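Remember, it's a predicted structure, so these values are computed and weren't measured experimentally.
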2 protein chains.
Amino acid sequence: MATSTVENYLKHILLLSEGGGELVSMGALATSLSVVPGTATTMVKALADSGHVEHRPRQGVRLTAEGRRLALSVLRKHRLVETFLVTVLKMDWAAVHAEAEQLEHAISDEVLDRLDALLGHPDTDPHGDPIPSRQGKINSQVYATLATCAVAKPLRLVRITDQSAEFLQFAEQNGLLPGATVHVADRNLAAGLITLKPAKGPALALSLAAAGSILVQPAR
Amino acid sequence: MATSTVENYLKHILLLSEGGGELVSMGALATSLSVVPGTATTMVKALADSGHVEHRPRQGVRLTAEGRRLALSVLRKHRLVETFLVTVLKMDWAAVHAEAEQLEHAISDEVLDRLDALLGHPDTDPHGDPIPSRQGKINSQVYATLATCAVAKPLRLVRITDQSAEFLQFAEQNGLLPGATVHVADRNLAAGLITLKPAKGPALALSLAAAGSILVQPAR
DNA sequence: GAATCTATTTTGAGTAGTCAAAATAAATCC
DNA sequence: GGATTTATTTTGACTACTCAAAATAGATTC
Ligand SMILES: [Mn+2]
Ligand SMILES: [Mn+2]
Ligand SMILES: [Mn+2]
Ligand SMILES: [Mn+2]
């Protein structure tokens, strides 16, 4: 059995590599896992020995097929657990990430399957993050963000990629949940902000950085 | 935070000490945890340094108030998780022990409270094991077993103390679930077995050893 | 009151993961 | 092309377990 440390390394490599393909630098991986770079190097070499990753010294890491399989299974657990915590236990969507970070390592495949069925086989979690299928398929569709989308067109909010509790709380307060309908009233590159008009509720201003972590698609 | 190893040691000490009071021998503890005796000694000394237990060299261990508090909280998580797995996810009651053994270390107090509410604040788990309250109170009532109870009197089945998957499967197959009504038709000390008559279903024979792991109380 | 048996403890060593700090390689600057 | 900056790797050390095997303390037997 893979330890939870191994599972975390693989999941972070997957998330940092745009789906598993690109090389991930030791620095980025170390930062993402909150360890020092030397630790990441040491662990990645062990992961390479066990066949979970390919390590190109001085260049980065990449998942092997087996590593990717395991990483996707951890990600599936993480996101199904988040969904359960929000939809069944009615927990705050800003709090569930920390919980799922632990539970993803403690849940068996058997429990996961039953959770999946109980939830009606959802394909996204409460944040709009795609849930990998049992077979390891994951929706990798590329969406526009509020920083890059068309102005003055109706949009459906798809996903919030900034997982920080503060941002999620802010988003919820302003009705910015996946499924909500909005449009960008104005985008001012010079000032570095956009004005957003939700279908319901008052207009609000967002920095381009914040806008960039909200994914949308054309509505209707 | 206590590691899951520490949590397991404390929980096993609690379970082996009839509620936390009596001294538990290193041998019994080591067997219960599936480690060699030297390992148990080493860990118990560390646990004593951190104030979770009192170690009487050559005699045994006992929980401190703090150790007991922590052990009860782990036990509460274990049993509420088992209850959730059986009543919500409809899992086999013989399989949930292994699952809960992991999940008990990954569940936060916040999630636990919500699980408890979802389940309607149960006071026993699917096996009839008492669930400690949030405050650490636990029903320590002493029950008769099918090996010691009155013969030919109506009985209500209270609890199955043998947690092995085989025995639980056997019990379920024969309708021996907590709440079931039975009576002991005959007890033959010489042959070492009893004949049990469930309210519904055919009579069946049980060894005294097996009978001793089924707790009952007078029905009606 | 020794000799023996049994449970416990100690010792030495190994695995998994981590950090601090020094060494090294690669990229960038002049 | 040589010096400097930056990222990565290596080294040495530490924590939290764990086991095998030797040492020891008690209890039991003769
Ligand atoms: Mn995690
Ligand atoms: Mn999510
Ligand atoms: Mn456990
Ligand atoms: Mn139980």
Side-chain angles (χ1 to χ4, degrees), chain A residues 1-18 22-64 66-67 70-71 74 101-102 104-106, chain B residues 1-14 16-17 22-64 66-67 70-71 74 101-102 104-106:
Chain A
M1 270 297 101
T3 64
S4 57
T5 303
V6 166
E7 292 186 343
N8 280 332
Y9 271 80
L10 297 178
K11 192 185 69 175
H12 279 86
I13 294 168
L14 176 70
L15 259 15
L16 290 171
S17 67
E18 313 288 321
E22 298 171 28
L23 281 172
V24 175
S25 76
M26 287 304 129
L29 181 57
T31 303
S32 176
L33 286 160
S34 305
V35 296
V36 305
T39 301
T41 301
T42 307
M43 264 304 291
V44 160
K45 289 209 289 183
L47 254 23
D49 285 346
S50 58
H52 291 108
V53 305
E54 177 193 350
H55 181 211
R56 291 276 177 72
R58 238 98 215 183
Q59 300 194 74
V61 232
R62 192 200 320 270
L63 294 173
T64 61
E66 171 59 12
L70 225 169
V74 176
E101 205 51 58
Q102 302 309 311
E104 65 189 0
H105 312 294
Chain B
M1 270 297 101
T3 63
S4 57
T5 304
V6 166
E7 292 186 344
N8 280 333
Y9 271 79
L10 297 178
K11 192 186 70 177
H12 279 86
I13 293 169
L14 176 70
L16 290 170
S17 67
E22 297 170 29
L23 282 172
V24 174
S25 75
M26 287 303 129
L29 181 58
T31 303
S32 178
L33 286 160
S34 305
V35 295
V36 306
T39 300
T41 301
T42 306
M43 264 304 291
V44 160
K45 289 210 288 183
L47 253 25
D49 286 345
S50 59
H52 291 109
V53 304
E54 178 193 350
H55 181 209
R56 292 276 176 72
R58 237 100 216 180
Q59 300 193 77
V61 233
R62 191 201 318 273
L63 294 174
T64 61
E66 171 60 12
L70 226 170
V74 177
E101 205 52 58
Q102 302 308 311
E104 66 188 0
H105 312 294

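For the pair A:Gln59 CD and D:dT9 C1', the interatomic distance rounds to 14 Å; values are reported in whole Å. Atom CG of A:Leu47 is separated from atom P of D:dT9 by 14 Å (rounded to the nearest Å). Here C:dT18 presents its P atom at 11 Å from CG of A:Leu29, a figure rounded to the nearest Å. Atom CG in B:Asp49 sits about 13 Å away from atom P in D:dC17, given to the nearest Å.
Here the side chain of B:Pro37 is nearest to one of C:dT9, D:dT18, C:dT18, namely C:dT9. Which of D:dA20, D:dT18, C:dT8 sits closest to the side chain of B:Val36 comes down to D:dA20. Of the candidates C:dC19, C:dT9, D:dT9, the closest approach to any side-chain atom of B:Pro57 belongs to C:dT9. Side-chain proximity of B:Met26 to the nucleotides C:dT10, D:dT9, C:dT9 is greatest for C:dT9.
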(request) Applying side chain to side chain contact (heavy atoms under 4.5 Å, CB included), run through B:His105 and B:Asn8 and close with a yes or a no. (result) CA-CA 9 Å; B:His105 312 294; B:Asn8 280 333; 3.0 Å; yes
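A sub-4.0 Å separation between OP1 or OP2 of C:dG17 and a side-chain N or O of A:Thr3 is present. Note on A:Thr39: every side-chain N or O is 4.0 Å or more away from OP1 and OP2 of C:dT18. Between A:Tyr9 and C:dT18, a side-chain N or O to OP1/OP2 separation shorter than 4.0 Å is present. OP1 and OP2 of D:dT8 both lie 4.0 Å or more from every side-chain N or O belonging to A:His55. When the side-chain nitrogen and oxygen atoms of A:Thr5 are compared with OP1 and OP2 of C:dA16, none of them lie within a distance under 4.0 Å. When the side-chain nitrogen and oxygen atoms of A:Thr42 are compared with OP1 and OP2 of C:dG17, none of them lie within a distance under 4.0 Å.
Taking the side chain as every heavy atom from C-beta outward, B:Val6 and B:Met43 approach each other to under 4.5 Å.
Side-chain atoms of B:Arg58 come within donor-acceptor range of the base of D:dT24, with a qualifying N/O pair under 3.5 Å.
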